[in-house]
Amino acid sequence: MQKRIWLSLAQMGGGEQKYIQEAFDTNWVVPLGPNVNGFEKDLECFLGSNSHVVALSAGTAAIHLGLVQLGIKAGDEVICQSLTFAASANPIKYLGANPIFVDSEEETWNISPEWLEKAIIDRKAVTGQYPKAIIPVHLYGMPAKMDEICAIAAKYNIPVMEDAAEAMGSTYKGRRCGTFGEFGALSFNGNKMITTSGGGALICHTEEEAKRTMFFATQARENRPYYYHEHIGYNYRMSNICAGIGRGQMEVVDEHIARRRAIHSLYTEHLNGYKGISVKQNPSEEYDSNFWLTCIEVDSAQCNGKSADDIRLYLETQDVESRLLWRPMHMQPIFEGCPYYGDNVSEKIFERGLCLPSGSSLTDEQIMYVINSIKQYISE
Ligand SMILES: *Cc1c(COP(=O)(O)O)cnc(C)c1O
């Protein structure tokens, strides 16, 4: 019998247990230690671009601490890509600040530079102030238009908090995603590119910023012999056990990325252009997505009336997990009333998009089973 095919499962490399055993043997079962330091070094080597990395308990925590260090305060406005997971925007609310949502463009599905600039100009007109930060996202691993976004950010002197939670290993013009902004966030949640069973990291550009991040991540304790606090702190450091899993994962990260890209190629070869299906591609050679998840767009008029959600429901009957795209933030009850700038491109993408099983442990046979199931269903 065919086993259930999941969207994106964690895959162990084999070395993880060795690092965890070491932590037990040396009694480093705490939220710091040699594995945390080793994992951070591994990530810095991987990312290049003079990055300084701090391992944290979650990607959401990384975005939160990035915003804290950008000085975001209650009442400030922060621009965020609307088409994303809620974790990109929730930290804005943690700080009592107000999200301003911006639409996507069709090529990458990420924040539209054109609408970004319009939003910045309009907020200045409405409130007398520019927004205090910009959060672009590299959705499903696809790099956002970072040259344009960073140029606009620089023009108005607004820092960028880059959400690279889904884009570990993706590059834009040869540079790793997560290293473009003032700060960048990675996620090591169970279904991301690599896992630490739950975790994240903040990418900084100086040793100073990394130290500051650790300070905030460990309750903002001042350097005195007694506990003394001048800032609100957080308990966001990664444990030495989780970091052990991360070190094992870093031994196989390149293979995992290569496998996800190979899965995307297989979908492209057999499904792209079939009836009303198109498989999302890098817009040009400047973009090199990790293809964390392969996404398709469904033109139901050319698929015998079948929509993305119809395909999802059918795949479910075949024991295949697929998933609709992130529902834009400006369409979420929790963010009702937040300003939104755009032309409803993200809503249209949401309506026709579907994420297909893309985990690095999936075999070619399993991917072909998904492809053939979709073809059969939309031909009926
Ligand atoms: C997963 C994810 C996050 C949050 O990461 P966690 O480690 O789950 O907290 C943030 N942004 C995006 C776009 C994500 O997909």
Side-chain angles (χ1 to χ4, degrees), residues 7-10 31 36 39 43 53-68 78-95 99 101-102 104 108-111 133-144 146 149 160-170 177-178 180-181 183-203 213 217 234-239 242-243 245-246 249 260 280 289-295 323-330 332 334-335 346 349-350 353 355 358-359:
L7 188 73
S8 179
L9 285 186
V36 176
F39 184 44
L43 288 166
V53 175
V54 181
L56 300 169
S57 56
T60 313
I63 297 170
H64 191 183
L65 289 190
L67 294 179
V68 164
V78 174
I79 290 182
C80 184
Q81 179 169 321
S82 185
L83 186 62
T84 186
F85 179 40
S88 306
N90 283 337
I92 302 170
K93 286 291 207 179
Y94 299 169
L95 292 164
F101 292 112
V102 171
S104 289
T108 72
W109 290 1
N110 295 312
I111 194 165
I134 301 166
I135 307 178
V137 186
H138 309 291
L139 218 57
Y140 304 114
M142 180 64 73
M146 290 315 289
I149 294 163
V160 171
M161 170 65 238
E162 194 185 347
D163 182 349
E166 302 176 0
M168 183 171 183
S170 299
C177 287
F180 290 89
F183 293 101
L186 294 176
S187 168
F188 316 119
N189 206 342
N191 62 357
K192 295 284 161 69
M193 218 56 203
I194 64 165
T195 186
T196 57
S197 76
L202 189 68
I203 303 164
T213 304
Y234 304 86
N235 183 5
Y236 277 170
R237 203 71 164 111
M238 180 177 278
S239 91
C242 293
I245 304 174
Q249 292 272 286
R260 296 226 184 208
K280 191 70 187 156
S289 174
N290 61 15
F291 290 113
W292 171 57
L293 295 183
T294 291
C295 300
R323 191 180 290 166
L324 297 178
L325 305 192
W326 303 123
R327 188 182 163 91
M329 290 304 111
H330 71 276
Q332 300 288 353
I334 48 168
F335 295 122
S346 57
I349 295 169
F350 171 68
C355 306
S358 308

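Keep in mind it's a predicted model, so treat the numbers as computed, not measured. Numbering of ligands and ligand atoms starts at 1, following listing order.
Without hydrogens or angle criteria, Ser82 side chain to Phe101 main chain gives no donor-acceptor distance under 3.5 Å.
Under the side chain to side chain donor-acceptor pair (under 3.5 Å) criterion, Tyr236 pairs with His64, not counting sequence neighbours.
In this structure, Tyr140 and Trp292 have parallel ring planes: the angle between them is below the 30° cut-off, well short of the 60° mark.
A heavy-atom cutoff of 4.0 Å around ligand 1 is satisfied by the protein residues Ala58, Gly59, Thr60, Thr84, Phe85, Ala87, Ser88, Val137, Asp163, Ala165, Glu166, Ser187, Asn189, Lys192, Gly199.
Phe188 has its ring centre less than 6.0 Å from the ring centre of Phe39.
Defined by atom type and a distance below 3.5 Å, a donor-acceptor pair is present between the side-chain atoms of Glu166 and Trp326.
Distance check, rounded to the nearest 0.5 Å: CG of Leu43 to CD1 of Ile203 gives 8.0 Å.
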